[in-house]
Amino acid sequence: MAKPIILSGIQPTGNFHVGNYLGAVRNWLRLQDSGQYEMYILIPDLHSLTGELASDERRRLMVTAAAELLALGLDPDKVTIFVQSHVPEHAELAWIFNCITPVAELYRMTQFKDKAERQEKNINTGLLTYPILQAADILLYRATVIPVGQDQVQHVELTRDIARWFNRRFGQYFPEPEHLLSAVPKVMSLLYPEKKMSKSHGPESVIELADEPEIIENKLKKAPTATAGGSGSPGAQNLLLLLEHFGDTGAYAGFAAAEQDGSIRYGELKQAVAAAVSGFFAGFRERRLELMADPGRVEQILEQGANRARHKAAETMAEVRRLAGLR
Ligand code: AMP
């Protein structure tokens, strides 16, 4: 029997952070190793055009993103890892989906509202239609399992709607995908712990997986932990969560109990978190540097991935074109 298909992606906006890891990548590794799925992981360079990256930077970040995914343990023999624009069918399917999606649905998307606020001088059309391209990313592979963080759930719901609208208008073809959350669907920002961790709040608000130990320590020093009301602040909860997932159980239990009874010393908690996170990713940092020193090898893996992805995409588009009366 054919295996269920998984698709997910991660933007080439720079180094990945612990939110990406706990919210998405860790789940991908688990799913890859289960052997139960046919799996596609894409690096969405077309999506990144909605932001303001320079072209050279985009090219560089693409290789960095792929190197980081490989260094984290994604295995190109088990997972198709590829760059979105290497498979032109993504843009073609997105156009067809543009023509069946009411524009009002796009204005409702919270990510659009957030991003439009952040780049108010560049509210381009791509920023609005971004979730349509994302629906095309998913449905091009007829994926049904979409492992993402909490912030992507609304887009997966829209993808289901788009599949339904297409099927109603042109004939039953697309499956309706479901999101799959990890155990930690939302890691909070270091500096603004009421908000999700995101590069958009500045480099000091995220712990990057590639950060050296002293950088992590310095970032954590600036992270707010206490609130006027005493313990239980979102900042402290977030640090405890990082310790729970990257540290050993004993250390976490000790700090969690101290947080409960009010005896916690946040300076010590921060040191423990810094040691845990930097220790957890020490091997990753080494593998990443090796891969970054050999971009030709990374590009070759991406090319192999694109070849596999193109094969699947071509099958889907042949059927879509037939159903839509384009051929
Ligand atoms: P992006 O950087 O937006 O491409 O995100 C890649 C993946 O990481 C997506 O599945 C997101 O849902 C997930 N993600 C991003 N930020 C966080 C966060 N702060 N906490 C948990 N998951 C996140």
Side-chain angles (χ1 to χ4, degrees), residues 6-32 39-51 53 58 61-62 64-66 68-69 72 74 79 81-85 90 109-115 118-119 126-127 130-131 133-135 137-138 143 145-159 177-210 219 223 234-235 237-242 244-246 277:
I6 286 184
L7 181 129
S8 198
I10 187 152
Q11 291 194 70
T13 45
N15 300 338
F16 301 149
H17 56 69
V18 290
N20 299 132
Y21 182 77
L22 291 179
V25 179
R26 192 171 62 168
N27 228 7
W28 300 349
L29 295 171
R30 180 180 66 80
L31 294 161
Q32 142 185 295
M39 196 161 161
Y40 296 83
I41 297 293
L42 97 163
I43 304 174
D45 57 344
L46 295 174
H47 281 289
S48 81
L49 286 170
T50 61
L53 273 183
R58 183 175 348 277
L61 290 178
M62 206 69 58
T64 308
E68 292 213 341
L69 289 176
L72 283 167
L74 275 192
V79 177
I81 307 169
F82 68 104
V83 175
Q84 187 183 35
S85 70
H90 287 258
M109 297 293 122
T110 50
Q111 286 231 348
F112 169 66
K113 292 183 208 167
D114 287 352
K115 287 187 183 170
R118 284 206 301 268
Q119 53 184 72
L127 214 52
Y130 189 109
L133 183 55
Q134 216 172 10
D137 297 339
I138 294 171
V145 182
I146 318 299
V148 283
Q150 183 68 46
D151 56 345
Q152 292 297 331
V153 170
Q154 195 183 33
H155 290 172
V156 180
E157 282 166 1
L158 181 71
T159 301
E178 298 280 349
H179 64 260
L180 177 70
L181 292 180
S182 76
V184 187
K186 196 171 185 182
V187 176
M188 307 313 278
S189 159
L190 288 188
L191 288 182
Y192 313 101
E194 274 90 12
K195 298 183 179 165
K196 75 161 184 178
M197 182 176 281
S198 161
K199 275 274 174 73
S200 58
H201 305 131
E204 298 289 295
S205 64
V206 305
I207 300 179
E208 295 181 1
L209 309 185
K219 286 182 177 177
Q237 291 309 320
N238 199 38
L239 297 190
L240 283 170
L241 179 107
L242 295 179
E244 181 182 0
H245 289 276
F246 296 120
V277 175

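Counting starts at 1 for both ligands and their atoms, in listed order. Sequence positions, counted from 1, serve as the residue numbers for this chain. Every value quoted in this text rests on a predicted model; they were computed, and no experiment measured them.
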Within this structure, what is the CG-CD distance for the pair Leu74 and Glu68, rounded to the nearest 0.5 Å?
11.5 Å
Could you grab the distance from atom OG of Ser205 to atom CE of Met188, nearest 0.5 Å is fine?
11.5 Å
What pair of heavy atoms forms the shortest contact from Gly19 to Met197, and how long is it?
N-SD, 3.8 Å
Give the residue and atom name of whichever protein heavy atom lies nearest to atom 22 (N) of ligand 1, and the separation in Å to one decimal.
Gly19 O, 3.2 Å
With under 30° as parallel and over 60° as perpendicular, where do the rings of Tyr21 and Phe246 fit, or are they tilted in between?
tilted
Suppose I only count heavy atoms of Lys186 and a 4.0 Å limit; which atoms of ligand 1 are within that range?
20 (N), 21 (C)
Short question: side chain of Asn15, backbone of Ala210 - any donor-acceptor pair under 3.5 Å?
no
Whether the side chain of Gln154 engages the backbone of Thr110 through a donor-acceptor N/O pair (distance < 3.5 Å, no angle test) should be reported.
yes
Please work out whether any backbone atom (N, CA, C, O) or any side-chain heavy atom from C-beta onward of Ser8 is under 4.0 Å from ligand 1, and answer side chain, backbone, both or neither.
neither
Does an N or O from Pro147, backbone or side chain, lie closer than 3.5 Å to an N or O of ligand 1?
no
For ligand 1, which atoms, with element, lie under 4.0 Å from some heavy atom of Val187?
18 (C), 19 (N), 20 (N), 21 (C)
Atoms of ligand 1, numbered as shown, that sit under 4.0 Å from any heavy atom of Gln11:
3 (O), 4 (O)
Where ligand 1 meets Pro185 - atom numbers and elements under 4.0 angstrom, heavy-atom basis:
20 (N), 21 (C), 22 (N)
Do the side chain of Lys219 and the main chain of Val206 share a donor and acceptor less than 3.5 angstrom apart?
yes
Can you label the angle between the Tyr130 ring and the His47 ring as parallel, tilted or perpendicular, going by 30° and 60°?
tilted
Under 3.5 Å donor-acceptor, Ser85 side chain and Leu46 backbone
no
I'd like to check which ligand 1 atoms, numbered from 1 as shown, lie under 4.0 Å from a non-hydrogen atom of Gly23.
21 (C), 22 (N)
Quick one: nearest non-hydrogen protein atom to atom 10 (O) of ligand 1, plus distance?
Gly149 N, 3.1 Å
Below 3.5 Å, N or O to N or O, backbone or side chain included: is there any such pair between Asn20 and ligand 1?
yes
Is ligand 1 less than 4.0 angstrom away from at least one heavy atom of Gly9?
yes
Show me which atoms of ligand 1 lie under 4.0 Å from any heavy atom of His17.
16 (N)
Under 4.0 Å from a heavy atom of Gln152: which atoms of ligand 1 are those, numbered in the order shown and with their elements?
12 (O)
Atom 11 (C) of ligand 1 - nearest protein heavy atom and its distance:
Asp151 OD1, 3.3 Å
Ligand-residue contact atoms, ligand 1 with Ala24, heavy atoms, under 4.0 Å
7 (C), 8 (O), 10 (O)
Met197 to ligand 1: N or O pair under 3.5 Å?
yes
Please check if the side chain of Ser8 supplies one atom and the backbone of Pro147 the other of a donor-acceptor pair under 3.5 Å.
yes
